[in-house]
Protein chains: 4
Amino acid sequence: MSGSLNKVMLIGNLGDDVKMHYFEGGGCIGRFPIATSETYTSKQTNERITNTEWHNIVVRNKGAEICEKYLSKGDKVYIEGRLKTRKWTDDKGNDRYSTEIQCNDFTFLSTKKESANNASNAESPAAQKPAENPQPSSQPIAEDNDDLPF
Amino acid sequence: MSGSLNKVMLIGNLGDDVKMHYFEGGGCIGRFPIATSETYTSKQTNERITNTEWHNIVVRNKGAEICEKYLSKGDKVYIEGRLKTRKWTDDKGNDRYSTEIQCNDFTFLSTKKESANNASNAESPAAQKPAENPQPSSQPIAEDNDDLPF
Amino acid sequence: MSGSLNKVMLIGNLGDDVKMHYFEGGGCIGRFPIATSETYTSKQTNERITNTEWHNIVVRNKGAEICEKYLSKGDKVYIEGRLKTRKWTDDKGNDRYSTEIQCNDFTFLSTKKESANNASNAESPAAQKPAENPQPSSQPIAEDNDDLPF
Amino acid sequence: MSGSLNKVMLIGNLGDDVKMHYFEGGGCIGRFPIATSETYTSKQTNERITNTEWHNIVVRNKGAEICEKYLSKGDKVYIEGRLKTRKWTDDKGNDRYSTEIQCNDFTFLSTKKESANNASNAESPAAQKPAENPQPSSQPIAEDNDDLPF
DNA sequence: TTTT
DNA sequence: TTTT
């Protein structure tokens, strides 16, 4: 379709480590869940209610490798991407649907692993070579635009 | 959780009319699908490939009523909202998940029905009373912030 | 800095045609203003107030050429980009600042000129060759990522 | 205008503390600068180049008070708002323009001051009463929707 | 003026 | 399954 926009922007925490999948052609994807939540005060009961939402993030190629290297369970991250609902068939032959965020940009807002200080845009070689003197800090990293069909 | 963001922004076309559901307490929701798509040229075959993605939009209360009044199948709309994955049980007792966009802001980019020209923010009474002299144009409308749990 | 995001998203109408500037090295930029506005009802006077905001859009290279080809004064467009404030010196020697949106993605929501139907991502050659049978419709087009310092 | 969107989303660090301005009617605004930057590798010289951009943030009423309470120079924050260019006259009588981000949502991604733990949406009373046992952490806070014309 |  |  023309004149269309499909954009998701999330800030949340990883519920698990990045799981990598490597393909024969040399490509790879990384998957991880992130949680967002909002807290509000119920008008009825006047108590604080927290609502957590889970999102399945999928990153490709260089971006996936950078995420795997620097992100781990619990880290906070900014994710930008597209919504994609995959159709699959369960073991009973039923059509099933799963909605994912195909991540095409991300920024680390905290990292537990060795720091990716000075690491930056995934398109540049520097992104693969983080700072000599790692510090516990955050960094912006964008992923590549390769055409892996996932 | 704190420090979290859950935002979806879409521009797409309605795949169907707005379906309304009214609740006993006086609230209501409207549901409609919108399609986004992107077209790219395959690196392998060099042919143009169009990928359409469908999104389930849910709007509440006044916003739902405005959407129902002015939007119909085929119209183009800007949608802003939150991702929410609902869990439900199918007739065989399996857990099933459905991801929706809880819309909290929208802007009409084309309308087939009578125009909502001059209609605007849903929080203002004027939003309910579109222009006397309707024109085939677009309009920005935001929905209310009521606390309907859907 | 790391961990940073600079994103602007606009839907508005061109206040003027695209003005092109060509550079010796072969690069070019296109500039055009777009207007956004919101209408609200004054709490004091109860009258409808419309507030128009003007934004200076700057697009580069292939994206600029596509905008010039298909956009003209009055057209509606979705613009995504970064905020950049340029410093310049006026004829009296005063420091002056001008804030622009460096556009890195756009989608046509209406066009008056010949249609760019089927035109799409600027990175592909097809974006330069719109459909044989033009129709008055909209189309999504992204610009390139070249490194023109403007 | 109808069919319009004016949205800015930033993640950056405060370059200075929040400056408050109180009005006679009881309203107030807070102002602070935030820096975003991107680092890339120059194609010509192959050196790392960092580009910092400064943004003037304006927050109103309750949101301003929450920002003043919890944010200080150096803190990282997510800001969402609208672009607004103000016109003013300098001491020589020249027209001058200044572009600001009218913030209508924000999320703390780090805070140096006493923590706003459990503090949340500014519309709820709880947002004004942070946790008894402050911790150095982040929190999401949205501002109110009052109609202060700034 | 921030941050890494 | 995260985080506060």
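Naming: A, B, ... by sequence-line order, numbering from 1 per chain.
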- Task: Say whether D:Y78 and D:E80, considering side chains only, have a donor N or O and an acceptor N or O under 3.5 Å apart.
- Result: yes
- Under-3.5 Å donor-acceptor pair between D:T52 side chain and E:dT2 base: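 Donor-acceptor pair under 3.5 Å: yes.
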- Query: Does the aromatic ring of A:W54 sit over the six-membered base ring of F:dT1, closer than 5.5 Å centre to centre and tilted less than 30°?
  - Reply: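 Stacked: ring centres under 5.5 Å, planes under 30°.
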- Message: Salt bridge check, A:K19 against A:E68: does any charged N sit closer than 4.0 Å to a carboxylate O?
- Response: no
- Message: Quick test of your reading of the model: are D:K73 and D:D17 salt-bridged, counting only N-O distances below 4.0 Å?
- Response: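 No salt bridge links D:K73 with D:D17.
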Can you tell me the distance, in whole Å, between the [atom1] atom of [X] and the [atom2] atom of [N]?
| X | N | atom1 | atom2 | answer |
| --- | --- | --- | --- | --- |
| D:E53 | E:dT2 | CD | C1' | 13 Å |
| A:N56 | F:dT1 | CG | P | 15 Å |
| A:D17 | F:dT3 | CG | C1' | 15 Å |
| A:I79 | F:dT2 | CD1 | P | 18 Å |
| D:I34 | E:dT1 | CD1 | C1' | 12 Å |
| D:R31 | E:dT1 | CZ | P | 20 Å |
| A:K76 | F:dT2 | NZ | C1' | 9 Å |
| A:Y78 | F:dT2 | OH | P | 25 Å |

- Query: Testing D:R82, D:R86, D:K84 for salt bridge (charged side-chain N to carboxylate O under 4.0 Å, His left out) with D:E100, which one passes?
  - Reply: D:R86
For the side chain of [X], counting heavy atoms from C-beta on, which of [options] is nearest?
| X | options | result |
| --- | --- | --- |
| D:K73 | F:dT1, F:dT2, E:dT2 | E:dT2 |
| D:D16 | E:dT1, F:dT2, E:dT3 | E:dT1 |
| D:P33 | E:dT1, F:dT1, E:dT3 | E:dT1 |

